[in-house]
*Asks:* 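Let me begin by handing over the structure; questions about it come next.
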Amino acid sequence: MIDGRMQEALNKHANAEFYSSYLYLSMSAYFQSINLTGFAHWMRVQAREELAHALKFYDHVIERGGRASLQLVEAPPAQWDSPLAAFEDAYRHEQKVTGLINQLVDEAVQTRDHATNNFLQWFVTEQVEEEASADAIVQRLKLVGNAPGGLLMIDHHLGERASG
Ligand SMILES: [Fe+2]
Ligand SMILES: [Fe+2]
C-alpha cells in the first residue's frame with residue numbers, strides 16, 4: 001500500500017496535470033480567437049494529452065491501494081500578447097512540470113517506493129519530449145517574427161499534428 005505522503009504528492013501532481021490540460025485548452029481558445037486554427041488544433045491535442053497524464057496519476061494511486069482525491073483546478077490565463085508569448089508560456093510551464101516530476105522521483109527514492117519511481121520514469125522521458133517540442137515551436141516563431149506568411153506556414157504544419 002502506498003505511503004500517505006507519497007499519495008498526497010501524487011494527488012497534488014494529478015492536479016498540476018489537470019491544470020496543464022486547462023492551460024492548453026485556454027491557449028487553444030486564444031488561437032481560435034485569432035483564427036490560427038492549426039495552432040488551436042495543436043493545443044487541443046496537447047490538452048487531451050495532459051488530461052491523459054492526470055489520469056495516469058489517478059490510476060496509479062488507486063492501483064497502489066490508495067485514495068485518489070480531486071482538488072480545485074486553478075483558472076488559466078485567457079489571453080496572450082502573441083503566438084510567441086503563448087508558446088513561451090507553454091515552454092516555461094513544461095520546465096516547471098519537469099521540476100515537479102523530479103521532486104516526485106526524489107520522494108519516491110527517499111521512501112523506497114520502487115513502483116512509484118518506475119511509474120514516474122515514463123514522465124521523466126515524456127518531459128524531455130514536451131520541453132523539446134514547445135521549445136522547437138518557440139524557436140520557429142522567433143525565426144518568422146511578425147511575417148504573416150511564416151506564421152501561416154507554421155499554422156498549417158501544426159494543424160497536421162495527429163490527434164493521438
Ligand atoms: Fe503532462
Ligand atoms: Fe506537458
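As the structure lists them, so they are numbered: ligands from 1, and atoms in each ligand from 1.
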*Asks:* Give a yes or no on whether the ring-centroid distance for Trp122 and His60 is below 6.0 angstrom.
*Replies:* no
*Asks:* Check for me whether the distance between the ring centres of Phe57 and Phe123 falls short of 6.0 Å.
*Replies:*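 Yes, ring centres under 6.0 Å apart.
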*Asks:* Are His93 and Tyr19 an aromatic pair by the rule of ring centers under 6.0 Å?
*Replies:* yes
*Asks:* Under 2.8 Å from the Fe ion (ligand 1), which protein N/O/S atoms are there?
*Replies:*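 Those protein N, O or S atoms (cut-off: under 2.8 Å from the Fe ion (ligand 1)) are Glu17 OE1, Glu50 OE1, His53 ND1.
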*Asks:* Verify whether the ring centers belonging to Trp80 and Phe31 lie closer than 6.0 Å.
*Replies:* no
*Asks:* Are side-chain N/O atoms of Gln127 and Glu131 paired as donor and acceptor at under 3.5 Å?
*Replies:* no
*Asks:* Return the minimal non-hydrogen interatomic distance between Pro83 and Ile34, and the atom names on each side.
*Replies:* CG-CD1, 4.3 Å
